[in-house]
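Heads up, the thing below is written out as structure tokens.
So you know, we letter chains A, B, ... as the sequences are listed, proteins then strands, and number each from 1.
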Protein chains: 4
Amino acid sequence: MARTVGSNGARTAKAIREAGVHLIYKHGYEAMSLRQLAAEVGLQSGSLYKYFENKQSLLFDIVRDHMEDLITRAEAAMDGVEGPIARLKAYVDFHLRYHMTRSAHVFIANMEIRSLEAPHRATVVEMRRRYEGMLEQALREGAAAGLFRVPEPKVATYAIISMLTGICMWYRSDGRLSQDALVALYTDLVLEGVSRPEGVAMPDVVAALPSPAGRRRARA
Amino acid sequence: MARTVGSNGARTAKAIREAGVHLIYKHGYEAMSLRQLAAEVGLQSGSLYKYFENKQSLLFDIVRDHMEDLITRAEAAMDGVEGPIARLKAYVDFHLRYHMTRSAHVFIANMEIRSLEAPHRATVVEMRRRYEGMLEQALREGAAAGLFRVPEPKVATYAIISMLTGICMWYRSDGRLSQDALVALYTDLVLEGVSRPEGVAMPDVVAALPSPAGRRRARA
Amino acid sequence: MARTVGSNGARTAKAIREAGVHLIYKHGYEAMSLRQLAAEVGLQSGSLYKYFENKQSLLFDIVRDHMEDLITRAEAAMDGVEGPIARLKAYVDFHLRYHMTRSAHVFIANMEIRSLEAPHRATVVEMRRRYEGMLEQALREGAAAGLFRVPEPKVATYAIISMLTGICMWYRSDGRLSQDALVALYTDLVLEGVSRPEGVAMPDVVAALPSPAGRRRARA
Amino acid sequence: MARTVGSNGARTAKAIREAGVHLIYKHGYEAMSLRQLAAEVGLQSGSLYKYFENKQSLLFDIVRDHMEDLITRAEAAMDGVEGPIARLKAYVDFHLRYHMTRSAHVFIANMEIRSLEAPHRATVVEMRRRYEGMLEQALREGAAAGLFRVPEPKVATYAIISMLTGICMWYRSDGRLSQDALVALYTDLVLEGVSRPEGVAMPDVVAALPSPAGRRRARA
DNA sequence: AATGAATGAGCATTCATTCAT
DNA sequence: TATGAATGAATGCTCATTCAT
């Protein structure tokens, strides 16, 4: 019998990718078996190797492509936005909407870094740093302009990103609150959190922080 | 040979638990093998079964005990603290210090919930809800007292806890910033984020939120 | 190496089944290991799982298929045979020849019922009941016709079947006695055992038996 | 703490033996674990080795003791009984009652011979031969005296013993039929099966049997 | 007489992967 | 493009057995 009309490699490749995302999201990379994946797309497990080199590279492909997409879209969202406050708002808005829309990919990229082999992990970590850097930059500029109260931009970056990313652990598109409402709520939390209020001094312990200058290690 | 001189059940049990935490933290529950664990404590893998029923219950024991410890200590930390602001500060302080001190346990409890079988997972999720409830309660009281600007206490709870918990992803005890400094930084972010500033109105979209009253589903 | 030249699924499946019968017959189901079985057919033990779901289902497949074969052939052997005496003879003849020819299968079906998990066991027990029912029916009809002296057809059924089945414990095809001779000997024992002799009364204790009517439990 | 009053080795030994019989009967020798056995008598599994050398010798002890008991009692039951018919009746009577009373032991001795290592098995097989020999002897004498129609006493022996032994597969002491009734039924089957009826010739095929004289192999 | 800690071999089963067809 | 047969290593787990205490 000839092949089914329209049954072609590209379609299968896409089906594998989607089933892979779904299964890794649901069971975790280690717990997902290639037999399951093959069954999901109606193949024998050996046939998957036409579409990827091995299980590890399936994961890497998924995570790398996701990170590229994330960065590309973030840059597009921030493109042309002027001023630290507007840029911070744009970042928060983008990050939240992206995480609500593509929660499975995001979840995988956050949870399965551990399952990536060292070189792959390094690549992904570097991409994540670039993405986080966009937020850090906005915070630094806002602080320099006297708009934000962020003595430690790196810490604030981690804090804000953790807070925003957490949304993909519980957000459901059929929930009571709309995406717009949630964006408004989080934006408010973030903006108030970092904005300089009139006449409020930094706590002493922060004022006495050692200077970050000259340190070598990437993380505080 | 039967028994190493000086071998001792309680000591072995403790060693297994610690090695288990370490290996699950490092490789993930699925990726850790009991042979690895046994090797770490100098046993044959079959001998581990004197100390737990199976791999799953090792994980559950670790997570459950951690959650019990977390809740007990949180309650102790909040005990006698009066007023929403003070209570919020106490919660943030406790949460951060605990997460900086026991980051492996915390990491496991957050990451490996997925690896728990349904009934175990239900138990842990319930415990987590109780722990989160302490924060939510403080936020609600603060809002009711007109101190906090939190139209959606549940969302704010998730947001704050995500932000704080994120610290265990990067904190190193030998880092540049002390625990005190980090606590001060995060406390500032949280407090400013939720405090009611003079004459600042809610964003329109939040003001127009549907009332949470009467909804049945647990999550927003 | 992937595939031995000329290897063939159907052939392997048959080889596994036969080796399985042989090993279970020789060592017992519990004592047979799948490594042994795999070695017998020249495979790695994991490869067996292409051919059965698990060890238990290998046993069940063997026993079920045997029972189906037994019943089908018994019905064929009895088909068209008229009259209780002729039917009893046909049953004895069939049963003996079958048990002499396929003693390994028969042995397994009798000995390893205990090793079947409950639902499988129930299925097999039900099939056995059907097979035994054919003999019981012949005995009942002969008794009703005044030809047989069987006050308790169920007991007589068990007795006769036990007697006949015992042959597979010692029969060897290269023994001194031919199948025909053995069939003649057993037929004689059975026929004389149940036939009504002239003027011979039942022993008193049997005459005084409680009526089986109305009892619920299947077995005497 | 001192030992419990009356807790002594002999009592424990007996408990182990009984639990062993029970568990082997229920699960089979291979499937029974010494942990189960130990738990049944309230010991640690290592402690069992004060009472037997190893698992195999527990089985052998059980089977050997049972066979000794069987033979001793059979000899006592036949002692002083005169004449082939009376002796045959006495054997049948004894065998049935013994098998109804001690069905677990009997079952084990029949089913687990396969699990005995070669030398142990040889011992048990020899004992069984002695026990069967008592029946064979009675049949031979009855045939020689012209009372029985048994051209092949060995075959008849196997047939009768199989038939009688089968009772322990289904007999329940709370069944509808009493032991006396069952003994009467089986005795009747056996006696009629082997007794010489007036003017009934042997079937041709049996009349033409090769003489058993001079053969070496133990089984027909 | 019994414990309890441990061994080391073995088990059924699953896995990612290979490759001739 | 896909199959299906197979590998070989690994996994979680159970077992009979040992022996210092």
Side-chain angles (χ1 to χ4, degrees), chain A residues 2-4 7-9 12-13 30-38 42-51 53-56 58, chain B residues 1-13 30-38 42-56 58, chain C residues 1-13 30 32-38 42-56 58, chain D residues 2-4 7-9 11-13 30-38 42-51 53-56 58:
Chain A
R3 79 156 92 119
T4 310
S7 133
N8 62 30
T12 306
E30 294 282 354
M32 172 199 72
S33 89
L34 294 187
R35 274 167 174 68
Q36 275 180 287
L37 176 56
L43 290 178
Q44 292 298 113
S45 61
S47 306
L48 295 173
Y49 287 80
K50 285 270 160 194
Y51 297 91
E53 218 189 307
N54 48 43
K55 196 187 174 189
Q56 168 72 202
L58 169 67
Chain B
M1 193 200 340
R3 173 148 146 195
T4 309
V5 175
S7 87
N8 170 289
R11 190 166 13 223
T12 305
E30 294 281 355
M32 173 199 70
S33 90
L34 292 187
R35 276 166 173 73
Q36 272 181 288
L37 176 56
L43 288 179
Q44 293 292 323
S45 63
S47 305
L48 295 172
Y49 288 80
K50 276 258 156 194
Y51 298 93
F52 51 68
E53 220 188 305
N54 48 44
K55 196 188 176 190
Q56 168 73 200
L58 169 67
Chain C
M1 190 200 342
R3 174 148 146 191
T4 308
V5 176
S7 87
N8 168 288
R11 188 163 17 219
T12 306
E30 294 280 357
M32 173 198 71
S33 90
L34 293 187
R35 276 165 172 74
Q36 273 181 287
L37 176 55
L43 290 177
Q44 294 292 321
S45 61
S47 306
L48 295 172
Y49 287 78
K50 276 260 155 194
Y51 298 93
F52 50 69
E53 220 188 306
N54 47 44
K55 196 187 174 191
Q56 168 73 199
L58 169 66
Chain D
R3 80 158 92 120
T4 309
S7 132
N8 62 31
R11 194 173 316 212
T12 307
E30 294 282 355
M32 172 200 72
S33 88
L34 294 187
R35 273 167 174 67
Q36 276 180 285
L37 176 55
L43 290 179
Q44 291 298 113
S45 61
S47 307
L48 295 172
Y49 287 80
K50 284 270 162 195
Y51 296 92
E53 218 189 307
N54 48 44
K55 195 187 177 191
Q56 168 73 202
L58 168 67

Any donor-acceptor N/O pair, C:Lys50 side chain to C:Gly9 backbone, under 3.5 Å: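 Absent.
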Work out which heavy atom in [X] is nearest to a heavy atom in [Y]; give both atom names and the distance.
{"X": "D:Met32", "Y": "D:Gln36", "answer": "CA-OE1, 3.5 Å"}
{"X": "B:Leu37", "Y": "B:Phe52", "answer": "CD2-CE2, 4.2 Å"}
{"X": "C:Glu30", "Y": "D:Ala31", "answer": "OE2-CB, 3.4 Å"}

Contacts of type side-chain contact (heavy atoms from CB on, under 4.5 Å), residue C:Ala13, not counting sequence neighbours: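 Applying side-chain contact (heavy atoms from CB on, under 4.5 Å) to C:Ala13 gives C:Tyr51.
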Categorize B:Leu48 for me: base, sugar-phosphate, or nothing, with a 4.0 angstrom heavy-atom threshold over every strand shown.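 No contact at all - B:Leu48 keeps every heavy atom at 4.0 Å or more from the nucleic acid.
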So, taking the atom named [atom1] in [X] and the one named [atom2] in [Y], what distance separates them when rounded to the nearest 0.5 Å?
{"X": "D:Leu34", "Y": "D:Asn54", "atom1": "CG", "atom2": "CG", "answer": "9.0 Å"}
{"X": "D:Leu48", "Y": "D:Leu58", "atom1": "CG", "atom2": "CG", "answer": "8.5 Å"}
{"X": "B:Ser45", "Y": "B:Arg35", "atom1": "OG", "atom2": "CZ", "answer": "4.5 Å"}

Given E:dA6, E:dA2, F:dA6, which nucleotide is nearest the side-chain atoms of C:Tyr51?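 When the side chain of C:Tyr51 is considered, F:dA6 is the closest of E:dA6, E:dA2, F:dA6.
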Contact state string [nucleotides 9-14 of chain E, B base, S sugar-phosphate only, - no protein heavy atom under 4.0 Å]: -BBBBB
Using Watson-Crick and G-U wobble pairs whose two distances are both under 3.5 Å, how do you write the pairing of DNA chain E as dot-bracket, with | for links to another strand? .||||||||||||||||||||
Starting at atom [atom1] of [X], determine the distance to atom [atom2] of [N], rounded to an integer number of angstrom.
{"X": "C:Lys50", "N": "E:dT17", "atom1": "NZ", "atom2": "P", "value": "16 Å"}
{"X": "A:Leu37", "N": "E:dT17", "atom1": "CG", "atom2": "C1'", "value": "14 Å"}
{"X": "B:Leu43", "N": "E:dG8", "atom1": "CG", "atom2": "P", "value": "11 Å"}

